[in-house]
Asks: 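What follows is a structure written as structure tokens; I'll ask about it next.
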Amino acid sequence: MNDRYDVVIAGAGPAGAQCARDIAARGYDVVVLETEAEDEFPRQSNKSTAGTFHSMMAAFGIPDDVVMQYTDSVVLESPTEHYVRDQPGAVLEFADFKRYLVEDGRETGAEYRFDARVTAPIMEGGEIAGVRYNGDKEVYGDIVVDATGPSAPLAKQLDVVDLKRENHAIGIEYEFEGIDIDRPGFADLRDAMMLRLDHEIAPGGYSWIFHTGEDTAKVGLCYIQNEHHSRYAKDGHTIDDYMEHWLETDPRFSEAEKIAGKQHRGSAHIQKPGQLHTDRFMAIGDTVPTVDPLWGEGINKCMQSGRVAAMAADSCLKHDDIEPTAENLAVYDTLWHRDVAPNVDNRLLMTRLLYLAPNERYDKLMRDLERLDDDTLAKANKGNFRAIARLLELEDAPMLAQLAKQHFDLDLRSLV
């Protein structure tokens, strides 16, 4: 078994697998180390809602046979209102999607090692030279990539990322049959992905119904375990309690039954990324997380992150006299902020405002969206400050002041 590669990647999720696809396609030797066993992959990591848009499918050559349902619209719900936007999309069978990325990468030339839990970086001369996995096994590479998500064993030990608990989001999702997809009094969710802002269901977060065909759908919720959640949460309630509350109170689920074996749990961090790379090393995907405020689109962001990391690796590896130092890998940071998460500060501001607003403001937001053009919402989701400002009103001043105070308090704590 080879123990030296051009690139070593930890993690076979969308970011790591896409990075491997692109690196192998450029003719480099790349190995991916994945914790899970191959015959079960991705049992433990089958966590995503797997909603995406056609731009991602086309950009990364994703085939139709991993799609559960193509959708025509996105629906935003509040406790009493809803807004419908025409937006073609796709709900993926996430397990099939991840397996496709692995199989396609192998055909391109990437090597995969399953049952390989990465534990620590191998350091030589103050730089990472490889990784240690399964206790005492080692593999070396000119460049190492951490795509392990929030666990981030390499990025954390190299002090590249600092994933803070107050930014930790947790989620739960089930797949159901018997859902009343076109219930009177609610938006028509046939061929739609629905996101709901409602603190009774997901305090400090959001919930969703993604139609997957006939009377079936993915149903889930998530929230960030921070002050926004604490403000609206019920004492002693777990994320499972909120899910059961929604199932018991929403008439669309009165005849619904969970599909056996279709339960997913996951977590991520929603925060501004710090350092993305260092000498011979890059962190990608949910290890340096980003999310679009309204649509999420985590899969696309991970895939884009893997792609720009592959471009950065290629910029060094194709020249024999260029070492993959932090300075020479800085193109990854540039491309990440340009292509993966432009306007990241504004987008995080939009996210925090959404989760801080009370339910009454969500109802008004839906009414406001009906009178605004679709471009306003799309631009706000991308972090356009003027578009975000168009969604705000004078009554939001106390909420903005509270958000400013939270930022000030966080800055003070970071100095202590």
Side-chain angles (χ1 to χ4, degrees), residues 49 51 53 55 73-89 167 169 186-187 189 192-209 221-224 226-229 231-232 270-272 289-298 300-301 337 340-408 410:
T49 57
F53 299 119
S55 57
S73 62
V74 172
V75 177
L76 294 180
E77 282 189 0
S78 66
T80 64
E81 307 281 347
H82 66 261
Y83 166 76
V84 181
R85 174 189 169 124
D86 291 337
Q87 176 70 61
N167 300 314
F186 293 86
L189 299 185
M193 291 187 283
M194 182 277 279
L195 301 174
R196 183 179 180 94
L197 296 167
D198 185 344
H199 294 300
E200 285 293 315
I201 297 169
Y206 62 94
S207 55
W208 61 86
I209 300 174
L221 65 91
C222 74
Y223 51 73
I224 308 172
N226 58 16
E227 68 280 355
H228 297 181
H229 170 69
R231 179 181 182 184
Y232 295 107
I270 300 177
Q271 67 181 67
K272 182 179 179 179
T290 183
V291 66
D292 286 336
L294 291 171
W295 311 142
E297 270 267 80
N300 194 15
K301 296 305 174 186
H337 284 281
V340 181
N343 300 318
V344 65
D345 289 336
N346 290 348
R347 289 166 59 234
L348 284 171
L349 170 64
M350 178 73 174
T351 302
R352 293 189 177 107
L353 284 171
L354 278 173
Y355 296 161
L356 182 61
N359 275 358
E360 296 78 13
R361 186 64 181 87
Y362 290 152
D363 288 334
K364 191 172 190 310
L365 174 63
M366 300 304 137
R367 295 192 293 270
D368 290 342
L369 291 174
E370 290 290 351
R371 63 176 176 78
L372 294 170
D373 58 85
D374 287 346
D375 283 346
T376 298
L377 188 60
K379 289 178 180 178
N381 192 54
K382 294 178 180 178
N384 182 286
F385 187 78
R386 289 186 178 180
I388 294 173
R390 290 192 68 191
L391 297 175
L392 297 173
E393 299 182 359
L394 287 176
E395 67 186 59
D396 297 321
M399 184 172 62
L400 291 168
Q402 182 181 357
L403 187 62
K405 181 180 183 301
Q406 290 172 359
H407 275 291
F408 180 72
L410 287 173

Asks: Looking at every heavy atom in both K301 and V340, which two are closest together, and how far apart are they?
Replies: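 Closest heavy-atom pair between K301 and V340: NZ-O, 2.8 Å.
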
Asks: Measure the spacing between CG of L391 and CG of L377 and express it to the nearest 0.5 Å.
Replies: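 Here the rounded value is 7.0 Å.
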
Asks: Nearest 0.5 angstrom please: L221 CG to Y206 OH, how far?
Replies: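 Rounded to the nearest 0.5 Å, the CG-OH separation comes out at 10.0 Å.
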
Asks: Going by an N to O cut-off under 4.0 Å, is there a salt bridge joining D375 and K382?
Replies: no

Asks: Whether the side chain of H199 engages the backbone of G204 through a donor-acceptor N/O pair (distance < 3.5 Å, no angle test) should be reported.
Replies: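 The answer is yes, because a donor-acceptor pair under 3.5 Å joins these two groups.
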
Asks: Would you indicate whether the side-chain heavy atoms of C222 and W208 approach each other to under 4.5 Å?
Replies: yes

Asks: Taking all non-hydrogen atoms of both residues, which atom of H82 and which atom of F186 are closest, and how far apart?
Replies: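 So the two residues come closest at CE1-C, 4.1 Å.
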
Asks: What are the two closest heavy atoms between G89 and M193, and how far apart are they?
Replies: CA-CE, 4.1 Å

Asks: Which atom names give the shortest non-hydrogen contact between S207 and A202, and what distance separates them?
Replies: N-CB, 4.2 Å

Asks: Atom NE2 in H337, atom CG in D345: separation rounded to 0.5 Å?
Replies: 9.0 Å

Asks: What's the separation between atom CZ in R367 and atom OG1 in T80, rounded to the nearest 0.5 Å?
Replies: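 With rounding to 0.5 Å, CZ (R367) is 6.5 Å from OG1 (T80).
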
Asks: Compare every heavy atom of E370 with every heavy atom of V84, then report the nearest pair and how far apart it is.
Replies: N-OE2, 4.4 Å

Asks: Side chain of Y362, backbone of L354: donor and acceptor closer than 3.5 Å?
Replies: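 Between the backbone of L354 and the side chain of Y362 there is a qualifying donor-acceptor contact (under 3.5 Å).
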
Asks: Give a yes or no on this: more than 12 heavy atoms of other residues, nucleotides or ligands lie within 6.0 Å of atom NZ of K364.
Replies: yes

Asks: Between L76 and L365, is any pair of side-chain heavy atoms under 4.5 Å apart?
Replies: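 The answer is no, as the side chains (C-beta and beyond) never meet within the 4.5 Å cut-off.
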
Asks: Taking N384 for the side chain and A387 for the main chain, is one N or O donor matched with an acceptor at less than 3.5 Å?
Replies: yes

Asks: Would one find more than 12 heavy atoms of other residues, nucleotides or ligands at under 6.0 Å from atom CZ of R371?
Replies: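 More than 12 heavy atoms, drawn from other residues, nucleotides or ligands, come within 6.0 Å of this atom.
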
Asks: Does R386 reach the side chain of K379, with side-chain heavy atoms less than 4.5 Å apart?
Replies: no

Asks: Quick one: does N359's side chain get under 4.5 Å of D363's, heavy atoms only?
Replies: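 They are not in side-chain contact.
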
Asks: Without swapping roles, check the side chain of Y232 against the backbone of L356 for a donor-acceptor pair under 3.5 Å.
Replies: yes

Asks: Check side chain to side chain donor-acceptor pair (under 3.5 Å) between E200 and all other residues, then give those that pass, not counting sequence neighbours.
Replies: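 By the side chain to side chain donor-acceptor pair (under 3.5 Å) rule, E200 matches K234.
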
Asks: Calculate, to the nearest 0.5 Å, the distance between atoms CG and CD belonging to L189 and E77 respectively.
Replies: 6.0 Å

Asks: Let me confirm one number: the CD1-CG distance from I388 to L349, rounded to the nearest 0.5 Å.
Replies: 5.5 Å

Asks: If I compare all heavy atoms of A380 with all of M350, which pair ends up nearest, and what's the gap?
Replies: CB-CE, 4.0 Å

